[in-house]
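Below is one structure, written out as structure tokens; comments come after it.
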2 protein chains.
Amino acid sequence: MSPSSDQFLSQPDRAQLRSRLAQAGLRATQQRIVILESLLVLPGHPTAEQVHRRVVLETPTISLGTIYKALDSFVASGLIKRVAAAEGASRRYDADCSAHHHLYCTDTQEIIDYCNPQLDLLIQEFFAARGFQNFQPRAFSLHITGEKVDAAQEIKPL
Amino acid sequence: MSPSSDQFLSQPDRAQLRSRLAQAGLRATQQRIVILESLLVLPGHPTAEQVHRRVVLETPTISLGTIYKALDSFVASGLIKRVAAAEGASRRYDADCSAHHHLYCTDTQEIIDYCNPQLDLLIQEFFAARGFQNFQPRAFSLHITGEKVDAAQEIKPL
DNA sequence: TTATCTGCAAACAATTTGCACCCAC
DNA sequence: GTGGGTGCAAATTGTTTGCAGATAA
């Protein structure tokens with residue numbers, strides 16, 4: 001996270017968000033800019049409702065339907081992804097499309113990004129050695145369930 | 001899979017299903033027995049609808065509501081699990097609660113079980129060496145997306 | 001200018017709930 | 001016998017759709 005702590009739309013600023021939308025071939029409307037910004041800023045991979053709750057603070061007239069339509073078009077263009085989750089009723093989204101893994105906190109329902117290139121390599125090498133019989137893999141992602149703990153607490157091996 | 005190919009309820013027979021339900025502390029009703037059997041037999045991790053479609057063949061008066069209630073109680077008791085999925089609108093369930101991974105076929109939407117103790121060990125060792133800072137892991141599961149292919153086709157490394 | 005997006009409201013789909021009756025323990 | 005389960009229908013929740021007016025390119 002970069003500095004600045006005051007108002008909305010500070011660090012991933014409008015110009016950056018605009019170009020991100022443009023690169024994905026999407027029209028950079030006010031609504032989409034704020035929606036994308038919320039996806040980047042909200043922790044734990046938000047639902048449409050959670051995005052809406054944040055976005056109305058800035059753009060009070062925005063409708064939930066617009067959130068759904070924007071999220072659909074973001075996913076269709078590859079700008080964001082739907083997150084695989086076993087819990088909950090609502091769809092959740094991830095603005096980070098680079099390869100990474102997820103930590104599922106059973107207490108808070110948060111889904112936390114976990115990136116570890118060494119682990120990726122380890123798994124890739126494993127599959128290169130003994131791969132699959134009737135399946136062509138394209139990508140993989142590790143889902144680790146557990147609980148968030150204080151920095152102070154001891155963490156036991158799995 | 002064991003032999004026999006005639007009618008429903010052959011290999012995981014009623015007695016076994018009964019005791020599985022009993023062990024989970026659930027009443028072994030006719031409906032629950034057939035629902036649990038369908039979960040074990042249907043490929044690719046079914047939705048409530050898919051379970052219902054199979055179960056009505058055997059028990060025509062069973063209602064979709066009963067399927068939902070049964071699935072809820074199965075999950076609550078730990079008999080089955082909800083499956084993490086990024087695609088689709090409906091919840092999907094897994095009757096196998098032992099540690100295993102999933103192959104997500106982007107063509108058929110099937111979710112195929114993948115079990116590999118060597119891989120599990122490799123990942124466990126990796127986390128034992130350099131684990132997490134603020135997260136206590138309890139379990140992990142690898143999600144591999146790709147496509148099913150014929151046995152004949154060549155499979156390329158990821 | 002014009003194709004696309006937005007906001008609203010209605011429609012839809014998936015899941016849950018309430019309740020009278022039934023059945024496994 | 002009785003507490004929990006079933007079936008039905010109605011209610012709720014999450015998401016999609018249709019369309020008239022607004023707006024980015």
Side-chain angles (χ1 to χ4, degrees), chain A residues 14-15 17-39 45-53 55-56 58-77 79-80 82-83 85-93 109, chain B residues 14-15 17-39 45-53 55-56 58-77 79-80 82-83 85-93 109:
Chain A
R14 286 191 146 82
L17 296 165
R18 272 210 156 73
S19 74
R20 243 172 120 142
L21 287 163
Q23 277 166 40
L26 297 169
R27 226 182 244 199
T29 64
Q30 290 308 312
Q31 291 88 335
R32 285 179 172 179
I33 290 169
V34 191
I35 291 168
L36 181 55
E37 197 259 347
S38 283
L39 282 169
H45 302 79
T47 63
E49 278 280 347
Q50 290 170 330
V51 170
H52 187 243
R53 271 202 287 280
V55 143
V56 281
E58 172 131 4
T59 311
T61 60
I62 203 167
S63 77
L64 184 54
T66 297
I67 310 286
Y68 277 109
K69 284 172 187 165
L71 292 174
D72 285 351
S73 63
F74 291 2
V75 170
S77 73
L79 227 200
I80 68 170
R82 262 187 73 183
V83 172
E87 308 292 318
S90 296
R91 295 177 185 177
R92 300 176 64 170
Y93 297 88
Q109 307 277 69
Chain B
R14 286 190 144 84
L17 296 165
R18 272 210 155 76
S19 76
R20 246 174 116 142
L21 287 163
Q23 277 166 41
L26 297 170
R27 226 181 245 200
T29 65
Q30 290 309 312
Q31 292 87 334
R32 284 179 171 178
I33 291 169
V34 191
I35 292 167
L36 181 55
E37 198 259 346
S38 283
L39 281 169
H45 303 81
T47 63
E49 277 280 347
Q50 290 170 329
V51 170
H52 187 243
R53 272 202 287 279
V55 143
V56 281
E58 173 131 5
T59 310
T61 60
I62 204 169
S63 76
L64 185 54
T66 297
I67 311 286
Y68 277 109
K69 283 171 188 166
L71 292 174
D72 284 351
S73 63
F74 291 2
V75 170
S77 73
L79 227 200
I80 68 171
R82 264 186 71 183
V83 172
E87 308 293 317
S90 296
R91 295 177 185 176
R92 300 176 64 171
Y93 297 89
Q109 306 279 70

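Residue numbering restarts at 1 for every chain, and letters A, B, ... go by the order of the sequence lines.
Across all strands, A:T61 comes closer than 4.0 Å only to sugar-phosphate atoms, never to a base (heavy-atom distances).
If you measure from atom CD1 of B:I62 to atom C1' of D:dA9, you get 17 Å, rounded to the nearest angstrom. If you measure from atom NE2 of B:H52 to atom P of D:dG7, you get 8 Å, rounded to the nearest angstrom. In this structure, the CG atom of B:L21 is 14 Å from the C1' atom of D:dG4, given to the nearest Å. The distance between atom CD1 of B:I67 and atom P of C:dT17, rounded to the nearest whole Å, is 17 Å.
Checking each of A:L36, A:T29, A:V34 against A:R32 for a side-chain contact (heavy atoms from CB on, under 4.5 Å) leaves exactly one that passes, namely A:T29.
Distance check: B:I33 CD1 to B:R20 CZ gives 13.0 Å after rounding to the nearest 0.5 Å. The line from CD of A:Q30 to CZ of A:R18 is 6.0 Å long, rounded to the nearest 0.5 Å. Between the CZ atom of A:F74 and the NZ atom of A:K69 there is a distance of 14.0 Å, given to the nearest 0.5 Å. Summarising the geometry, atom CD belonging to A:Q109 is positioned 7.0 Å from atom CZ belonging to A:R92; distances are rounded to the nearest 0.5 Å. The CD1 atom of A:I67 sits 4.0 Å away from atom CD1 of A:I62, with the distance rounded to the nearest 0.5 Å. Going from atom CG of B:D72 over to atom CZ of B:R82 covers 9.5 Å, rounded to the nearest 0.5 Å.
The main-chain N or O of B:V56 is never found under 3.5 Å from a side-chain atom of B:T59 such that the two would form a donor-acceptor pair. Of the possible polar contacts, none joining the B:E58 side chain to the B:V55 backbone as a donor-acceptor pair under 3.5 Å is found.
The end-to-end axis angle of the helix from C:dT1-D:dA25 to C:dC25-D:dG1, rounded to 10 degrees and based on five pairs per end, is 50°.
Among all heavy-atom pairs drawn from A:L26 and A:S77, the shortest one is CD1-OG, 3.5 Å. Heavy-atom minimum distance, B:P46 versus B:V51: CG-CG2, 3.8 Å.
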Quick test: give all pairs of protein nitrogen or oxygen and nucleotides 12-15 of chain D nitrogen or oxygen below 3.5 Å, distance rounded to 0.1 Å.
unit_1 : atom_1 : unit_2 : atom_2 : d
D:dT15 : OP1    : A:R91  : N      : 2.8
D:dT15 : OP2    : A:Y68  : OH     : 2.4
D:dT15 : O5'    : A:Y68  : OH     : 3.3
D:dT15 : O3'    : A:R91  : NH1    : 3.3

Filtered N/O pairs between nucleotides 19-25 of chain C and protein, under 3.5 Å:
unit_1 : atom_1 : unit_2 : atom_2 : d
C:dC25 : OP1    : B:A28  : N      : 3.2

